[in-house]
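Shown next, in C-alpha cells, is the structure this report addresses.
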Protein chains: 4
Amino acid sequence: MTGDIKMTKVGFIGLGIMGLPMAINLKNAGIELMVNDLNHQSVKQMTDLGALEGTKAQIGKECSIIFMILPNGMIVKDAVFGKDGIASAVKKGTVICDMSSVTPVQSKECYNRLEKMGVSFVDAPVSGGEPGAVSGTLAIMAGGEQDAFDRLIPYFEIMGSSALLIGGSGSGSITKLANQVIVNMNIAAVSEAFVLASKAGADPSKVYEAIRGGLAGSAVLDAKMPMILERNFNPGGKISINHKDIKNVVETAHEIDVPVPFTSQLFEIFQALKVAGHMNDDHAGIVQYFEK
Amino acid sequence: MTGDIKMTKVGFIGLGIMGLPMAINLKNAGIELMVNDLNHQSVKQMTDLGALEGTKAQIGKECSIIFMILPNGMIVKDAVFGKDGIASAVKKGTVICDMSSVTPVQSKECYNRLEKMGVSFVDAPVSGGEPGAVSGTLAIMAGGEQDAFDRLIPYFEIMGSSALLIGGSGSGSITKLANQVIVNMNIAAVSEAFVLASKAGADPSKVYEAIRGGLAGSAVLDAKMPMILERNFNPGGKISINHKDIKNVVETAHEIDVPVPFTSQLFEIFQALKVAGHMNDDHAGIVQYFEK
Amino acid sequence: MTGDIKMTKVGFIGLGIMGLPMAINLKNAGIELMVNDLNHQSVKQMTDLGALEGTKAQIGKECSIIFMILPNGMIVKDAVFGKDGIASAVKKGTVICDMSSVTPVQSKECYNRLEKMGVSFVDAPVSGGEPGAVSGTLAIMAGGEQDAFDRLIPYFEIMGSSALLIGGSGSGSITKLANQVIVNMNIAAVSEAFVLASKAGADPSKVYEAIRGGLAGSAVLDAKMPMILERNFNPGGKISINHKDIKNVVETAHEIDVPVPFTSQLFEIFQALKVAGHMNDDHAGIVQYFEK
Amino acid sequence: MTGDIKMTKVGFIGLGIMGLPMAINLKNAGIELMVNDLNHQSVKQMTDLGALEGTKAQIGKECSIIFMILPNGMIVKDAVFGKDGIASAVKKGTVICDMSSVTPVQSKECYNRLEKMGVSFVDAPVSGGEPGAVSGTLAIMAGGEQDAFDRLIPYFEIMGSSALLIGGSGSGSITKLANQVIVNMNIAAVSEAFVLASKAGADPSKVYEAIRGGLAGSAVLDAKMPMILERNFNPGGKISINHKDIKNVVETAHEIDVPVPFTSQLFEIFQALKVAGHMNDDHAGIVQYFEK
C-alpha cells in the first residue's frame, strides 16, 4: 500500500451491518473518508474516528473514489442519480464502486449512464458476511474496466482478502447472484435430504458424519448442518437477505430470458418461509419448510 | 487385521465395475473367496487370483460372510430369495452384507426375512466410485446390528477408508440416497447458476475462481466445474447410475410419505436427459439440460 | 340388449363404493351374477337380490364374463394370479374386465399372462364417481381387443352412459390416468389463481362469475369453486383416491420414461396434504395447500 | 343506450389488434371519438369513419371518458403520466378506463395518483381475444368505484357481452391474471397428460373423445386439443401475450408475497419456449415443451 491512497479523499455511502465495519477498516488504515448514512449514530461512530460527514452531492463533488453498500438497487440508483445525488456534482475521472448486492441489469444501467459523464462505475459485491466485513477478509467480485478496478485495489486489500475482476460491467453482480443460487440451493438440498433420512429412521448426525468427507461435502454442509442439528437459526445470513438476492436472480433471469426452474421454485419456498414468519432466521432455517 | 479372517470362507456376488476391484482387494489381502457373477471373464479374473467359483446356493451353504454388490434391489432380492438363491442353503449365523445402492424399504425387507432364518443382514452401500473401489478407499455407510457390523469391519478396512454404522437396518441405504440427493442437486444448482452467469456475459472460469473459496465451495464444485468448463462428460459417475439412485429416492419418499419437491423435479430432469440420450455421460453433464 | 346376456353367468369381484352399485345395476337388469368380496354385508346385499356368492376360483370356473373393480393393481393381480385366484380355474374364452384404476403397465401384464391361457383381458376404468355408479351413467374407457370389448358392451350399457375402446391393452388405464392429471392439475391451478386473487383483495365469487364463461371455464371450475367458496370439502372424490391415481401416473411416466414435471410436483403437493391429514377431504381441498 | 352518450366526447388510445376493432364498434354505434396511436394507418382507418385524431394531452383536455388498451403497464403509465400525457391536461371528473392487461399494482398506482387529481380510474381488462373484440362480445372484468363503472356501462355494452365490477381498484387486473393462470396451466396440464398417453401408446383423439364430457372437460380442452391434434399453432392467443401475462402474475405474486409454485414453473416453461423460438405460436403450442 503506497502513501498516495492516504492523500485521496474517499467517499463511503451506507454504514449498515456490512458498511460500518468496512468503513472503520478503511479509516483505521489511514484513509481520509467522507461518509453518509441516514443513521446518525453510525455517522457519529465514524466522525469520532476522524471521518468527515458529507451529503451525497458533497461526496460527489469532493471525492475521487466513492464506495457504496446499500440495501438494494433502487436505493443505489437514487443515491447516484436522484435529487442531490452523487451524479449531481460528481467530477470526471471519479471511480464509483457499488458493493451492494443488486442485479447486473441495474449495475449496467449505472455504468452506462455514468460512462457518458466520464465517470467509472465498478460493481463489486462481496461474500463473507458481517464477520468478513469486520475482519477485513471479504471476497470481492468485481465487474467493470481494468483501470478503474486497479484504482480500487488498495482499498479492496484493506476490506477483503481477495478481489477478482470477473469481466465487464455487471459481472460482479451476476457472480454474487450465482454464488447465492449455489449456496441456497445447496441448503435446500441438504434440508430435503436430511428430512428424508430422519423420517426414514436414520440419525442425522451420523448421516452427516458419514457423507461429509465425500462428494456431498461442502462449505454449506459444514456451516449449516450443525445449526440444523442444534435447531439454532440465529443469523448469520438472514433469510431476508437471501430472499432479496434470490428475487434479484429471478428478475435477472426473467429479463435476460434464461430459464431457472430450480431457482424459481427456491424463491417460492422463500415466499412460503416469509409468509410463515421466518425472515429473521439464518438461512439454515430453510430446513423448516421441508419439516412441515 | 487378525489371522482368523483368513480362515473364514467369504462369498462375493457381483463382479461389476465396483465389485471386481473390491473382490480383488479382498483376495490380495489373503481372504479365501468364493465368487459368483454372470460375466465369465470377471469370474476367471478372480479364479486366476486363486478364488473359487460357486453358485449362489453354494455360497450360501459354505460361506459365513457374504458380500453382494448388484445393480438394483430386485436383483439383490432375487440373489437372496430367488430359486437356488443364497437363502435356499444359508446357515444360521451367517452375515450377508449388501453393498448395492437400493432403497431402505428393500434393505429392511431382506433384513426382516433373513432375521427369521437366524441370518444377519447389513446394508452397506458405498461412495467413492470406481477409483475408491480400486484403491480400497471407499466410504461405507452401514445399517443393521452392531455385532453383525463388527464382524464385517476387517473386510471393510480392506475395501474402504471409512465405515460407519448409521443405525438400524436400512440406515446405510437411506444415507447413500441422501448423499446422492445432495450431490446431484448441487450439480444441478451449479449448472443453473453458471448457465445464468455465462448468458449474462461473465466468464464462467472467473466466476468459479471467485466463489470456490466461500460458502458456495463444495467437493462437487471442484470436481465438476473443471469438467463443465472443458466440456468433458466422460464418466466418472454416470447419469444412468445417478438416475437409478434418484429414482430410488423418489420411490422411498413416496413409500414413507415425505414430500421431496426438489428431488422429484431433479428426477424429471434426469428423465429429460435420458430421453435426450445422455445416460452414459458423467453427471457433470446435467448442465446440458440447463444449456438448451 | 338381447336375451342371451341373461343366460350368461357373470362374475363380479369387488363390492366397494363403486362396485356395489354397479353390481346392483347389473343384477336389477336381470344378469345372473356370482359375486365376491371380503365385506360380508355387501355380499349379503347382493345375495338378497338373488346373486350367488362364489370364491375367486369358483368365479373363474363358472363365469365366462368377469368384472373386477378393486383398490389397486397389486390387489387386481392377486385376485387373478394369486393362490386360488381366478386364473387357477378360468376357462379358455373367458373375458376378464378390470374396471379398477391401475397403471397401464399392470394392465398389460395381466393381458399378456392371460393371453397365453386363451383368456381375454380388457382394462376399463371409469369416471363419474359414486353418483355415476349408482345411476348407471359412468364413462367407461377401455383398452384391449375389439371382440372382447364387443362382448362387454351389453354390460357397459347397463353400468354406463358411454363406453369407448381407446386402443390396445392398457389404453383404458392410461386414459383414466390422463383424465386424472387434467382434473387435479386444473383444481390446483384454480386454487393457486384464486388464492392469489383473494390475497390481492378481489372477491373470489365475483372473480368466478367473471371468468367462468370464457376460456378459463371448465367442469372442474363449476364443480369445485362452489365447494371452495363454501369451505365444503366433503367428498365427492377423495384426495386419497386421487393421491393413488396420481402416484400411478408418476410411476407409469417413470417406467416409460416420459418427463412429467407438473404431475410430479402435483404428487408432492398430495404428499404434503397427506402429511397434513387431508386424505379424506374432497380433492377441492387441494386449495388448502395454497392457502397456507 | 341513451342519447347522451352520443353527446360525450370519448378518447381512445391504442389501436392495436384489440383496440382497433373495439374503437370501430364504438364509432359505428355513434360515439364521438378522438383517437391516438403511433400507427398512422390505424388512425386513418378511424378518421375515415369520422373519428377525430388527437394527442394524448388533447384527449385529456377534451374528453370526459377515455379508454386505453396498450401493450403493458409501463406504456400505460407513460400515456397517462409521461411528458404531454393525459394527466398533463385532464379535467376533474374525467373517467379513465384502462383495458390493457397489466398488474394490479400498476392499476392501483394509476388509481391513487389520479384520485388526487379528482380523476377516476377503472382497470377493465378483457377476455375473448380478437374475435371477441371484432364481434363486440368481450368479457370485461373491472376494478374501481361503482359510479365510475356505471358511467362506462353504455360503452362496455357496445364492446362486450358482459361487464362485471369485481371490486376496488386493481380487481379487474387481478381477475384477468387469475384467468390467464387457469387457462395456461390447463393447457400445460392437457399437454403433459396427452404426451404421456400418446407415448404410452393410446390414440390421443380417442382419449380426447373419451374424457371431454367428464370432469376433465373444459373450454381449453375443446379449443386447444383439435389444434394440438392437427399440429396447428397459428394464433389465436400468442405465446408472447401469455408469456407477458404470466410474467405479470409472477411479479404480482412476488410483490404481494403469495407463493405461486405452479405459475412460477409455468413461466420457466414459457421462457424455454421463448428461447426455442415459439413466441408467435398459439399457446396451444405449449405442448411442444412436453414433446421434447
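Below, chains carry the letters A, B, ... as their sequence lines are ordered, and counting in each starts from 1. All values derive from a computational prediction rather than experimental measurement.
- At a 4.5 Å heavy-atom cutoff, the contact between D/V258 and chain A is made by backbone atoms alone.
- Under the side chain to side chain contact (heavy atoms under 4.5 Å, CB included) criterion, D/A124 pairs with D/C97, D/M99, D/V122, D/I140, D/A142, D/F156, sequence neighbours left out.
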Quick check - list every chain D-chain A donor-acceptor pair under 3.5 angstrom, one line each.
from	atom 1	to	atom 2	distance (Å)
D/K247	NZ	A/H254	O	3.4
D/A253	O	A/Q271	NE2	3.4
D/H254	O	A/K247	NZ	3.4
D/H254	NE2	A/E268	OE2	3.0
D/D257	OD1	A/Q271	NE2	3.4
D/D257	OD1	A/K274	NZ	3.1
D/D257	OD2	A/K274	NZ	2.5
D/V260	N	A/E268	OE1	2.6
D/S264	OG	A/Q265	OE1	3.2
D/Q265	OE1	A/S264	OG	3.2
D/E268	OE1	A/V260	N	2.6
D/E268	OE2	A/H254	NE2	3.0
D/Q271	NE2	A/A253	O	3.3
D/Q271	NE2	A/D257	OD1	3.4
D/K274	NZ	A/D257	OD1	3.1
D/K274	NZ	A/D257	OD2	2.6

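- Counting heavy-atom neighbours within 6.0 Å of D/M74 CE, excluding the residue itself, gives a total of 12 or less.
- In this structure, the separation between CD1 on A/I228 and CG on A/L221 is 8.5 Å, given to the nearest 0.5 Å.
- Other residues, nucleotides and ligands place no more than 12 heavy atoms under 6.0 Å from the CD1 atom of D/I17.
- Looking at D/F267, only its side chain comes within 4.5 Å of chain A, counting heavy atoms on both sides.
- Remark: A/A223 pairs with B/L215 by the side chain to side chain contact (heavy atoms under 4.5 Å, CB included) rule, at least two apart or across chains.
- Residues D/V250 and D/L266 have side chains not in contact (no heavy-atom distance under 4.5 Å, counting atoms from C-beta outward).
- At a 4.5 Å heavy-atom cutoff, the contact between D/V260 and chain A is made by backbone and side-chain atoms alike.
- In this structure, the side chains of D/F81 and D/L114 come closer than 4.5 Å at one or more pairs of heavy atoms.
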